[in-house]
Structures are given as structure tokens and as C-alpha cells.
Amino acid sequence: MRIDALDRQDLRRAPQRLARIVLRDKAGLFGLILFVLIVFLALAAPALSPHDPLQQNLRSSRQPPAWHEAGSMEHPLGTDNLGRDMLSRILVGTRVSLTVGFFGVLIASSIGLVFGMTAGYMGGRTDSAIMAVTNLVLSVPYLLLVVVVASVLGRSLLNVILIFGFTNAPLFVRVTRGEVLRIRTSGYVESAISIGASRHHIITRHILPNLIGPILTVATFEMSGMIFYEAGLGFLGLSVPPSIPSWGNMLAAGRQYIQFSPWIATFPGLAIVVTSLSMNLLGDWLRDVLDPRQRRSS
Amino acid sequence: MQRYLLSRVIQSIMLMFGVLILVFFLVRLTGDPARIMMPRDASPADIEAFRDAMGFNEPLPAQFFHFMTGALQGDFGRSLHYRAPAMRIVLERMPATIELSLAALVFALIVAIPLGVIGGSRPGTTWDTVCRAVGLVGQTVPNFWLALMMISLFSVTLGWFPTFGRGGFGSIVLPAVALGLFPLGKFTRLVRSAVLEVRNEDYVRTAYSKGLLDHRVYTHHIFLNVSVTLVSIVGVQFGYLLGGSIYIETIFAWPGVGRMINEAVQARDFPLVQALAFVSAAFIVLLNLLTDLAYVLIDPRIRYED
């Protein structure tokens, strides 16, 4: 009875406690606000773009940003080598980055969850087989693997998502398996087994809820990583087709004009930095909140 | 100890077999390796002739056997672009990449160790904030973008360094800094948290209570213990450096393996890509093996019993 009452009291205070944690970590809060803003920009990109991101105009190509002497407010961040508006392209490019990151992580974590749980729960040969494949993929330099697969499959948004989803899955397998092994041998699962809980009950009530925290944390960092790698692939000309405005494709063009028109490379890069920053701050914060064991030392 | 050594060696060899299988199937992902290796405008007759010449018409097990027996002798076929044995070309390019990776690693360590030690020993100070900011920058700034920005500033505007090429000390500075940024952030974070942790260990308190001077405690007790953690991650970072060199060597026209990977992929020179992937993976596996051994040698607390 007493314990029950305490529990309920604890639960009632949960929102306040959560609010306190959110406000305590200023950096995490900043990351969250930044991330929400970026998602909003991606959704509202067509409405916010001052120009059609695909509209070429060779007469006004490589115009510098507005604060430059030769720049104008017509194109606040200037134009690229084909006269397309930089600001509009960066706004619309947010969509490619977030789409790849979101669906890539969704696929990778789903595969990781299924195989990681199977490996951790079944043990024995199943575990050995799954972990052998996992370790094999993880032993190949990641970027090399992605570049080779991308060049074999060809340029399309779906291919890019699938490539990141599958090549990133081993990481989630490893994390999930480790967590399952830890949870399985914990006191509360052992006592649940000892009072005759079914396998179904243990998986759905004990293992899955405890996996959410670590998976969500890894997912945030990996999503940031995929946005990085997508831009990198685009930079090498291996990501989405050149007709789609993406930060990577913009950087590839920027590289060719770095000598006289550095802004073509500067702004998409800044967009990547800001997005990545928001997700890293968010990830650090999630780790602190969801995984008290790994709390940072200060 | 010897049994541990033996099992690690066997494990590494098995892993290399796995990599070979992976490399074999990667170019067959779409089902038709001839089509992806030939130019897009190649005629069906040309593709058929190429398929025949490369042995792609043989049954898959026969192709696999052929590939494996060749690979075990270091023969990955001839590069389609260079018209020479793929393996030889890759090995010729290795020194330039190792040189650049080592330069990037040295740069990262020289900055990260002092920064991490200062930040970790004075948590909450301005130095600590700088330390954490560097850690964050390493994770959020893409190296290929940093490379472009440095070229724009230091090469084009200021004219301090050459924009590309390999020759003389000046030419390695920008590529090494760009490539070293990510490990720099990683090492800084790692050293900082390791120092924070070690500071509270009993042996450090004992050292202080013996009346040892601050710097002696740091050099003899804290740093030696932090270095164990560093060794474990330096080897792993080489995998990242090899990947990152694909961008950095392409941007700076550095004649190494990374740039060759990009060129081979663009030219659809897949025998060369296979050799490149195998050599890179072998290099990483070997480094991981050496890291594990170094670990045992450095830290007497680690003893692998059976």
C-alpha cells in the first residue's frame, strides 16, 4: 500500500521533474529548439523560398550574397553557377537531408531491433551468426562501403535511404544486443522469470521499454551522421540526382567555384553544421535524461 | 596469453575471408556486373563481349572460386582504367595515404592531449568550455566543407599554402588539419573524460598524500593511465581516416588511396575498387589486431587468461 502510494506521488511529479531536467541543460534545450526550427523550415520550405529553387538564370549567375557590394536583396545568399537562388535551394535542401536521416534511421533501427533482440535473446549459434555478419560489416571502413554500394546502385533518393538504412543497421544490432543481454540478467527480469512470467511478457514489459532510451539516443547521433554522409555522397556526385536541390549537390558545385565564388560552398556547409549541431546537442541531452548510467561527469 | 594471441589472429583471418566474400558480392548487387562496369552508352554487343572476357557468364560458384583463388594470391584482376594489375596500383598509392593519415593523427593528438588534460583537470573553467566546444566542433563540421573553407581562406585569399598537390611541408598542412578535425574532437572528449575519471582514483589520492608535486602526479599517474584509453581508440580512428581521405585527397589532389577510390568509382573500374576495398579492410583489421596487442603491453593490469 505504502509503496503504491509513493509510486503514484512520484508519477504525479513526473512532468515537473521532466521540465526541470529540460531546463537544467541549456545546451540541450537550445538543440531542441534548433531542431524543431529546422523541421519547420523543411516543412514550410516551398512557402518560404523567395524563388523557384530550380529556376536557372545564366545572366545573374554567381551573384554574391546581399551584404557584398555586388549583391542584392533579390538573392539574399547570392546565386550559384547556374543563377539559381541559394537561399531557396538551401531551404528545399533541408527536406532531402531530413528525409534521408529520418527514414535511414527508421530502417536501420528496425533491422537492428529485430536482429539485435534475436541475437541477445536466443544466444548460441543464432547469436554467433548474427554477430559475425555484424562485425564483418563494421570492420569495413564505413564511407568506403557506402561509396561502393552507392556507385553500384546508382543515384536516387530511395537508393540513398536504403543504403544508409542497411549499412547502418549493424550498429543498432550491436547496441540492441548489448542492452538485451544486460537487461536479461538484471534482477527484475530474473525475478519476473522466477514467478513464471512468459517470454512474451518479459519482452514486451521489460525488454522493449528499456530499449527505447538507448536506441533513441543512438538514433539521434546516427541521424546526424547520415545527414553528414548524404552530403558527403552528394559532394562526390553519388547521392540524389543533380536535379534535386540537396546540400551535398550544392557543395559539389561550390567546390568547382571555390576560387572566385566561395559562398556557393559556404552556405550549404553552414546548413549542415547547424543541423548537425542541433542533433548532437539533442543527443547528448537525451543520453543524460534517458540513460542515467552514462550521465556526463559534469 | 599465447592462446589469446592465436585466437585473435585466427579471428582476423576469418574476418578477411568475410571481407573477400563481401567484396565479391558487392559488385553483383544489381545482378549484372557487366552493365555497371561498362559506360552507360555501351552497345549490347560490347557488353556481351565484356561479360565474356571478364568471365561473368560462368556459373556463380565458378566465378566465386576463381575470384577467391586469385585474391588469395593477391590477384584482383586488371584495372580497367590503368590496364595494369589492380593490386600493384593500390599498393603504390598506400604510402601517400599513410603519410597523410599519420600527419592528421599527429595534429589531432598534439592539440587534443594538452587541451583534454587542462579541461579535465579544471572542470567548469573557461578552458573546460573551450575543450568541450572543440569536441563538439569535431562532430559537427564536415571535413570536406572545412577543407573548402580553408582553401578559400588560406590558399586563395592569403596565399599561405598551395591549393592542391603533394610536395614539401606546406602541402600537407591543410589536408592534415581537415582530416584531423574529427579525430581531434573525439580525442579531446576522450582525454577530458578520462582525466576527470582518473583524478578520483585511489592511486591518485595516494600519490598526492605522499606529497608528490602536481606535475609529477599528472605525468606519472594520470597521463599514463589516460594513454591506455587513447591507444585503444587511435587504432580505430584509422578506419575513419581512410574513409575521410576519400574527400580530402580528392579535394587536395593528394595522390593516395582515397582519391583513387573516388576515381575508380567514377570510372566504374570495379576490379580496382575491389582491390582498394580489400586492402583498406585488411589494413584496418591488422591495425585492430596490433591495437589489442599494444593494449596488453602497455597496461600490465590487462592479462588475457583462457
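To find a chain, count down the sequence lines: A is the first, B the second, and so on, and within it residues start at 1.
Panel note: side chain N168(A), backbone F164(A); no donor-acceptor pair is recorded below 3.5 Å.
Proximity to chain A (any heavy atom under 4.5 Å) is shown, for I251(B), by both the backbone and the side chain. Proximity to chain A (any heavy atom under 4.5 Å) is restricted, for L22(B), to the side chain, taken from C-beta onward. For a residue to count as touching a neighbouring chain, one of its non-hydrogen atoms must lie under 4.5 Å from one of that chain's; by this rule F235(A) touches chain B with the side chain only. For chain A, the nearby part of L136(B) is the side chain; its heavy atoms alone come within less than 4.5 Å. Proximity to chain A (any heavy atom under 4.5 Å) is shown, for V141(B), by both the backbone and the side chain. For a residue to count as touching a neighbouring chain, one of its non-hydrogen atoms must lie under 4.5 Å from one of that chain's; by this rule A231(A) touches chain B with backbone and side chain alike. Interface remark: L15(B) contributes backbone and side-chain atoms alike to the contact with chain A (heavy atom separation under 4.5 Å). Contacts of L233(A) with chain B are made by backbone atoms alone, with heavy-atom separations under 4.5 Å and no side-chain atom involved.
Of the listed residues (G232(A), G254(A), G154(A), A265(A)), the one with the most heavy-atom contacts under 4.5 Å to chain B is G232(A). When the candidates I227(A), L270(A), L238(A) are compared by the number of heavy-atom contacts under 4.5 Å with chain B, L270(A) comes out ahead. Between chain B and the options P268(A), P141(A), S151(A), G237(A), heavy-atom pairs under 4.5 Å are most frequent for S151(A). Ranking V147(A), V137(A), T266(A), V146(A) against chain B, the residue ahead of the rest is T266(A), based on heavy-atom pairs under 4.5 Å.
Under the 6.0 Å cut-off for aromatic ring centres, Y240(B) and Y142(A) do not qualify, their centroids lying 6.0 Å or more apart.
Atom CE of M14(B) sits in a sparse spot, with 12 or fewer heavy atoms from other residues, nucleotides or ligands closer than 6.0 Å. Counting heavy atoms of neighbouring residues, nucleotides and ligands inside a 6.0 Å radius, atom CZ of F24(B) exceeds 12 of them. At most 12 non-hydrogen atoms from other residues, nucleotides or ligands lie less than 6.0 angstrom from CZ of F115(A).
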